[in-house]
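Inspection log for the structure reproduced underneath, given as structure tokens.
Protein chains get the first letters and strands the later ones, always in sequence-line order, with residue 1 at the start of each.
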Amino acid sequence: MKIATWNVNSLKVRLPHVLDWLATSQADVLCLQETKMEDKVFPYAELEAAGYRAAHNGQKTYNGVAILARGVLDDVRWDIPAFADEQKRVIAATVNGVRIVCAYMPNGQAVGSDKYEYKLRWLAALAGFLREELQRCPQLVLLGDYNIAPEDRDVHDPAAWKDQILCSEPERAAFRQFVGLGLADAFRLFDQPEKTYSWWDYRQMGFRLNRGLRIDHILLSAPLAAACRACVIDKAPRKLERPSDHAPVLATLEV
DNA sequence: ATGGCGTAACCCTTACGA
């Protein structure tokens, strides 16, 4: 079973890239973030034609998350229960016995800002939700755009980013809280090339100069970590015309 | 301190992202 995550920065713009990537990657599950569309315009028919069913939690202009799957999506849940939030950032479903939790975690804008406080509250609420989901579903994967670079080696210039948004210690502590729930960073289960990132700024030739951050992650519960055979970041779509600023992350599980 | 680039919308100026 191949499971992937990709922040597409508008599914309307990126649908051709998504369809191409599904065909080449042969992913069984693809979680999307920043669809930036309402449910009523979600491209269910185009995805169905490509062999994928979908569950979407969307809104106009901002946010929006979806799970695409070759199989049936069971027990779909939207948002974080017991956390009042206008922003559509979470969707969960069970596919082939695996609980998929797809998240677009808040950006936070700047350390100390209102959006930063919202980010930390949001991350704490998600951790509470996951604790419950893990009790129900031992085979669980939390994947998406975390907007957190967990360690300095996930940052092209750690000195410049030190204590900045995406890299601050409270954000990294929130990431470690997910790990503390029993989740493992799939990417770090394997030897990886140095300076591998999942996001590059559109500006100032960020991608060509590999000025990136690794902020998109796949976290696996213990049974799935034991079944994980590979995890890679695919830079190919970032090289296309009109790319998303994020690259997809793909994990291969023997389940 | 700002803008750089890309996307969307109350669409040609502004908000937001990371």
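- Taking atom CG of residue D201(A) and atom P of nucleotide dT7(B), one finds them 13 Å apart after rounding to whole Å.
- Where W161(A) and T35(A) each meet DNA chain B at their nearest nucleotide, the meeting point lying more 5' is that of T35(A).
- Residue K12(A) contributes atom NZ, which lies 6 Å from atom P of dA8(B) at whole-angstrom precision.
- Contacts of Q164(A) with the nucleic acid, taken as non-hydrogen atoms under 4.0 Å apart, are absent.
- Residue R14(A) places none of its side-chain N or O atoms closer than 4.0 Å to OP1 or OP2 of dG6(B).
- Whole-Å rounding puts the H246(A) NE2 to dC5(B) P distance at 18 Å.
- Distance noted for atom P between dC10(B) and dG6(B): 23 Å (whole Å).
- Remark: C1' of dG6(B) and CH2 of W200(A) are 16 Å apart, rounded to the nearest angstrom.
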TODO: Give the intermediate values and the outcome of side-chain contact (heavy atoms from CB on, under 4.5 Å) for residues R131(A) and L181(A).
DONE: CA-CA 7 Å; R131(A) 193 171 289 117; L181(A) 294 171; 3.6 Å; yes

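- One P atom belongs to dA1(B), the other to dC11(B), and the distance between them is 33 Å to the nearest Å.
- Counting non-hydrogen atoms under 4.0 angstrom, I165(A) reaches nothing in the nucleic acid.
- The gap from the P atom of dT2(B) to that of dC12(B) amounts to 24 Å, rounded to the nearest Å.
- Computed from coordinates, the E241(A) CD to dT7(B) P distance equals 11 Å when rounded to whole Å.
- Here the C1' atom of nucleotide dG17(B) and the CD1 atom of I148(A) are 16 Å apart, to the nearest Å.
- At least one side-chain heavy atom of L143(A) sits under 4.5 Å from a side-chain heavy atom of I100(A).
- Between R242(A) and dT7(B) there is a side-chain polar atom (N or O) within less than 4.0 angstrom of OP1 or OP2.
- Distance from the side chain of K60(A) is smallest to dC10(B) among dC10(B), dC5(B), dA15(B).
- Within 6.0 Å of CZ on R211(A) lie no more than 12 heavy atoms contributed by other residues, nucleotides or ligands.
- Between C102(A) and C31(A) the shortest heavy-atom distance is SG-CB, 3.5 Å.
- Rounding to the nearest 0.5 Å places CZ of R89(A) at 10.5 Å from CE of M105(A).
- For the pair R89(A) CZ and dG17(B) P, the computed distance is 7 Å after rounding to whole Å.
- One atom, CZ of R203(A), and another, C1' of dG17(B), lie 8 Å apart when rounded to the nearest Å.
- Using a 4.0 Å cut-off, no side-chain N or O of T61(A) falls inside it from OP1 or OP2 of dT7(B).
- In terms of phosphate contacts, K115(A) brings a side-chain nitrogen or oxygen within less than 4.0 Å of OP1 or OP2 of dG17(B).
- Among the heavy atoms of the strands lying under 4.0 Å from N7(A) are primed sugar atoms or P, OP1, OP2 only; no base atom is included.
- Here the side chain of Y104(A) is nearest to one of dG3(B), dT7(B), dG17(B), namely dG17(B).
- In this structure, F178(A) has its ring center no closer than 6.0 Å to that of H217(A).
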